[in-house]
Undergrad: 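Pasting in a structure now, in structure tokens, and then I'll have a few things to ask.
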There are 2 protein chains.
Amino acid sequence: MSVAVRLFGERPYAEVSTTDVARGAGVARGLVNHYFGTKKELYLEVVRVMLTVPEVALEGLPSGGPAERVDAIVTWFLDVVSRHSTSWLAAITAGGMAGDTDVDQVIAEAIDVAAESILTATGLGTDPGEARRGMARAYVGMATYTAREWLQRGVLTRDQVHTLLTTTLLTMVEKVFPQAA
Amino acid sequence: MSVAVRLFGERPYAEVSTTDVARGAGVARGLVNHYFGTKKELYLEVVRVMLTVPEVALEGLPSGGPAERVDAIVTWFLDVVSRHSTSWLAAITAGGMAGDTDVDQVIAEAIDVAAESILTATGLGTDPGEARRGMARAYVGMATYTAREWLQRGVLTRDQVHTLLTTTLLTMVEKVFPQAA
DNA sequence: GGCCTTGTTGACACAGCGCCAATAGTGATC
DNA sequence: GATCACTATTGGCGCTGTGTCAACAAGGCC
């Protein structure tokens, strides 16, 4: 499994053969199929592992005003993504293997989790409605793009990312969310 | 080519064989390779076609204040994406075929074009600097996610999308961009 | 009619995947 | 300690799909 995570993290899906994974683990190729089923199922597990993120430290967010809460959640997000930058960004950036249904669903669930965290952190945890959920998912999308500009391209500093994300989220909380049904 | 666009638009990359494309066009499979080279090159062309968007009507944006310009550019974006929803969203959502370098680059270029349009429309066209470019790309990322929530999931109305995108972009122009070097 | 260029086909070879029968370990039971 | 069930593991078969290439048809120039 660790071999698969490493290989899929550094090479695209099509360029990683199950033979490579097997060789990396020092076993026969048939064994990979025996344990993980098909190649896509293995990749699915890999993506799950990559996207599984420690959700600790999110509960202890300050109970101050919106600005403080937003600041805390953004800080938490940046910590997480910078710690797991390579694998997490690779998985999210993978974006769905050109429209594959299963992989898309796994990624969508990870985005859902992040979006739900956003909503609870901003005080909209209880029944935010589908519209606000969608908006929160869109915000998570921007957050991942921003993180990519920071960690992969290096055109943004962490401070700039922080400012961008806190300012926009605060705007959404104050001006956009109230208008959503 | 049209057959390839249609097939890749409705099925994931791996589930579309060059034989399918050839049969759909009524020719032999070898001919596809003869004209387009490898399968990935064909897909690359398809993505290029999908992402090629009429850039008209963008020049005639109002010369009013920031709010009007932002409103105009968002309206233009929503028009474009709703008109080409299936193919454009499919290509962008494809997100890069699980990390493939070439496809990622094509998509990145399309995002660059959109980001550049954002910057010119907001009056930062001349030498905005790499930081603001990165922020604009991140905004385009959010815009695509938002469009997906609207057109694919149907949890947002066009009005809600419009409000979200104009408000956040205005915030970025007024509060975030000025701080970027 | 020759002839060169272009268009098109079918077949060959190869890589990668899923499956499955066969074999090697690993304790538990008496 | 031999037997037995059960898991772990291997190698190989068949299939699908891809890239390539030599061969063949189809048109314009002379």
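Residue numbering restarts at 1 for every chain, and letters A, B, ... go by the order of the sequence lines.
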Undergrad: Within the distance-only criterion (no hydrogens, no angle test), does the side chain of A:Thr144 pair as donor or acceptor with the backbone N or O of A:Gly141 below 3.5 angstrom?
TA: yes
Undergrad: Between B:Thr19 and D:dG17, does any side-chain N or O lie under 4.0 Å from OP1 or OP2?
TA: no
Undergrad: Given atom NZ of A:Lys40 and atom P of D:dT16, what is their separation to the nearest angstrom?
TA: 17 Å
Undergrad: Regarding A:Arg158 and A:Asp79, does a basic nitrogen lie under 4.0 Å from an acidic carboxylate oxygen?
TA: yes
Undergrad: What is the distance, to the nearest angstrom, from the CG atom on B:Leu31 to the P atom on C:dG10?
TA: 11 Å
Undergrad: Nearest whole angstrom, please: distance from the P of C:dG10 to the NE2 of B:His34.
TA: 16 Å
Undergrad: Take atom CG of B:Leu42 and atom C1' of D:dG19, then tell me their distance rounded to the nearest Å.
TA: 14 Å
Undergrad: Quickly work out the B:Arg11 CZ to D:dG17 P distance and round it to whole Å.
TA: 10 Å
Undergrad: Answer yes or no on whether A:Lys40 is positioned over the face of A:Tyr13, meaning its NZ or CZ is under 6.0 Å from the six-membered ring centre and within 45° of the axis.
TA: no
Undergrad: Ignoring the backbone of B:Thr38, work out which of D:dG19, D:dT18, D:dT10 is nearest its side chain.
TA: D:dG19
Undergrad: Output the rounded distance in Å from NZ (B:Lys39) to C1' (C:dG16).
TA: 13 Å
Undergrad: Expressed in angstrom and rounded to an integer, what is the separation of A:Asp20 atom CG from C:dA15 atom P?
TA: 13 Å
Undergrad: Could you check A:Tyr35 against A:Arg29 and say which one's nearest nucleotide on DNA chain D is further toward the 5' end?
TA: A:Tyr35
Undergrad: For B:Glu10, does the CD atom sit with more than 12 other heavy atoms under 6.0 Å from it, leaving out its own atoms?
TA: yes
Undergrad: For a quick test of reading the model: is some side-chain N or O of A:Asn33 closer than 4.0 Å to OP1 or OP2 of C:dC19?
TA: no
Undergrad: Would you tell me if any nitrogen or oxygen in the side chain of A:Ser17 comes within less than 4.0 Å of OP1 or OP2 on C:dG16?
TA: no
Undergrad: Rounded to the nearest angstrom, tell me the gap between atom CD in A:Glu15 and atom C1' in D:dT18.
TA: 15 Å
